[in-house]
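Both counts, for ligands and for their atoms, begin at 1 and track the order of listing.
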Amino acid sequence: MMPEDARRWRVVEETLRQVLGSFAYEEIHLPLLEFTELFSRGIGEATDIVAKEMYSLEDRDGTSMTLRPEGTAGCARALQQAGLLFNQTQRVFYTGPMFRYERPQKGRYRQFDQIGAEVFGLIGPDVDAELLALSWNFWQALGIESHVTLELNTLGSAQCRAGYRRALVDYLTPQVKALDEDSQRRLSSNPLRILDSKSAQTQEILENAPSLSDFIDAASRKHFARLCELLEQLGIGFTHDPRLVRGLDYYTHTVFEWVTAELGAQGTICAGGRYDGLVELIGGKSTPGAGFALGLERVILLTENHGHLAEQDFSAATDVYCCVLNATDQGWAMTVAANVRQARPSLRVRVHAGGGKLKNQLRRADLSGASWALIIGEDEVANNQVTVKWLRDDTPQRMVAIPALTELLK
Ligand code: HAM
């Protein structure tokens with residue numbers, strides 16, 4: 001990521017961090033490498049991520065390690081190991097790169113960044129609603145809320161899901177030959193994912209398939225109904241998509257995706273749900289959990305064309321460029337720059353290095369995107385002044401005394 005992209009990135013990330021802070025979520029730092037077993041148990045052996053997309057390597061002692069493909073399993077592992085899950089609630093977030101061996105294209109990379117938020121120890125739909133309110137606030141803070149929609153579903157308890165899985169397999173097995181290749185493979189390994197198939201023929205077959213909603217028990221329905229009620233109260237619009245199942249096995253009850261129509265096939269910018277069985281699955285005491293992760297690259301792509309940041313210019317790296325006419329005055333120029341930086345820490349001040357003619361130095365100043373050039377020559381040094389030249393408007397240049405300088409640079 002080159003400097004201009006990195007500047008946009010930082011503004012987006014800071015905006016999102018600010019929202020997370022306003023919900024009192026606390027940041028944690030997690031390792032990039034985990035034992036492979038954590039992911040195969042937590043995410044599920046049969047998922048695409050574990051079966052096809054992990055970057056795994058052998059440690060020197062032969063242990064299989066994997067570059068994290070997502071953050072939830074590692075987050076649960078870390079909090080559990082630190083003893084922070086027992087009889088407590090936690091609301092945390094993390095940021096950083098994830099790794100998946102996928103076919104790269106715009107919005108889909110083999111190394112990508114997520115910001116994830118996770119809540120542990122709370123079982124009710126109020127927390128699901130809080131997580132959705134938090135993500136909704138993200139889109140509002142970035143000004144992209146009119147470009148995203150929320151798709152929501154419930155998978156019910158693990159038992160509901162198992163019952164549905166059996167019914168779906170029973171329905172599809174006699175027609176297996178008519179399914180697309182991926183779905184044929186998934187029928188034995190991960191049949192629920194067939195619902196996500198992009199094949200028109202498979203989708204036609206699915207039209208008469210049993211519906212997941214018929215397998216959801218009363219308690220799970222109540223959880224989902226309360227969540228919908230809370231979202232309505234909060235004014236967060238959503239559509240109930242009974243086919244939404246998600247690609248990781250740890251989900252129970254609520255699952256959701258924030259999608260946009262602006263990014264083509266990579267339209268899911270954020271996704272998550274409840275995972276009440278995960279902590280137990282990875283060896284801890286049963287602890288409910290829920291969370292989401294957003295794909296930072298995708299969110300940034302969306303902000304490039306929409307929202308508050310679309311208009312902002314990220315190209316300029318410098319505000320003030322000091323031109324130094326004589327090499328002997330370099331130290332004096334650096335002291336002037338130090339004074340400006342101290343008085344106005346938000347200004348980006350660059351001192352010309354390498355000598356050369358004023359004309360060339362001014363050209364560099366212009367290319368740097370600076371609004372002001374400070375010209376430092378013999379007269380200026382003798383009088384403890386600098387010449388200020390406005391590079392982006394017609395204000396005539398003038399000599400100013402050093403103490404008055406910082407007042408001018410506004
Ligand atoms: P996920 O749906 O696999 O869920 O990923 C979450 C988000 O990461 C996606 O919606 C997408 O924006 C972004 N993403 C995924 N793969 C790529 C890629 N190859 N290139 C660019 N962006 C990508 C999870 O990872 C779960 N851990 C989310 C979660 C947290 N559920 C509960 N808590």
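Side-chain contact, Gln90 with Gln88: a donor N or O sits under 3.5 Å from an acceptor N or O. Using modelled atom types and a 3.5 Å distance limit, the side chains of Thr406 and Asn339 yield no donor-acceptor pair. Between Asp249 and Thr47, the side chains place no donor N or O within less than 3.5 Å of an acceptor N or O (distance only, hydrogens not considered).
Aromatic ring centres of Phe224 and His240 lie closer together than 6.0 Å.
Between Glu297 and ligand 1, not a single N/O pair is under 3.5 Å apart. Annotation: Leu248 places no N or O atom under 3.5 Å from an N or O atom of ligand 1; distance criterion only. By the 3.5 Å distance cut-off applied to N or O atoms, Ala117 is not counted among the residues near ligand 1. Checked by distance only, ligand 1 and Arg100 come closer than 3.5 Å through their nitrogen or oxygen atoms.
Atom 6 (C) of ligand 1 has as its closest protein heavy atom Gln114 NE2, 3.3 Å. Nearest protein neighbour of atom 7 (C) of ligand 1, counting heavy atoms only, is Ala293 O, 3.6 Å. Regarding atom 30 (C) of ligand 1, its nearest protein heavy-atom neighbour is Thr72 OG1, 3.0 Å. Considering only non-hydrogen protein atoms, atom 12 (O) of ligand 1 sits nearest to Thr268 O, 2.9 Å. When only non-hydrogen protein atoms are considered, atom 18 (C) of ligand 1 lies nearest to Phe112 CD2, 3.4 Å. Looking only at heavy atoms of the protein, atom 1 (P) of ligand 1 is closest to Arg246 NH2, 3.6 Å. In this structure, the protein non-hydrogen atom closest to atom 20 (N) of ligand 1 is Tyr109 N, 3.0 Å. Among protein heavy atoms, atom 31 (N) of ligand 1 sits closest to Tyr251 OH, 2.6 Å.
Note that CG of Asp196 and CZ of Arg243 are 10.0 Å apart. Values are rounded to the nearest 0.5 Å. In this structure, Glu14 CD and Leu16 CG are separated by 10.5 Å, a value rounded to the nearest 0.5 Å. Rounding to the nearest 0.5 Å gives a distance of 9.5 Å between CG of Leu244 and CG of Leu195. Taking OG1 of Thr387 as the reference point, atom CD1 of Ile376 lies at 9.0 Å (rounded to 0.5 Å).
Each of the atoms 32 (C), 33 (N) of ligand 1 lies under 4.0 Å from some heavy atom of Tyr275. In summary, the atoms of ligand 1 found under 4.0 Å from a heavy atom of Glu70, numbered by their order in the structure, are 25 (O), 26 (C), 27 (N). The Glu118 neighbourhood of ligand 1 comprises atoms 30 (C), 32 (C), 33 (N), with distances under 4.0 Å to a heavy atom of that residue. Set against the non-hydrogen atoms of Gly272, the atoms of ligand 1 under 4.0 Å away are 31 (N). Heavy-atom contacts of Glu102 reach the following atoms of ligand 1: 16 (N), 17 (C), 18 (C), 19 (N) (cutoff under 4.0 Å).
The side-chain hydrogen bond (donor to acceptor under 3.5 Å, both in side chains) test with Gln266 singles out one residue from Gln105, Glu297, Lys106, and that residue is Gln105.
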Handout entry: Gln159 and Phe215: CA distance, side-chain angles, deciding distance, side-chain contact (heavy atoms from CB on, under 4.5 Å) verdict
Key = CA-CA 9 Å; Gln159 289 81 349; Phe215 289 75; over 6 Å; no

Problem - Verdict with supporting geometry, Leu212 and Asn153, side-chain contact (heavy atoms from CB on, under 4.5 Å) - result: CA-CA 10 Å; Leu212 174 58; Asn153 193 21; 3.8 Å; yes

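Residue-level proximity to ligand 1 for Tyr250 is carried by the side chain, the only part with a heavy atom below 4.0 angstrom. Within the 4.0 Å heavy-atom criterion, neither part of Arg110 lies near ligand 1. At a 4.0 Å heavy-atom cut-off, ligand 1 touches Arg108 through backbone and side chain alike.
Applying the side chain to side chain contact (heavy atoms under 4.5 Å, CB included) rule to Asn326 yields the partners Thr328, Asp329, Glu378; only residues at least two apart in sequence or on another chain are considered. When the side chain to side chain contact (heavy atoms under 4.5 Å, CB included) test is applied to Glu145, the partners found at least two apart in sequence or on another chain are Trp136, Trp139, Gln140.
Heavy atoms of Cys270 come nearer than 4.0 angstrom to ligand 1 in at least one pair. Within the structure, ligand 1 has Gly107 among the residues with a heavy atom less than 4.0 angstrom away.
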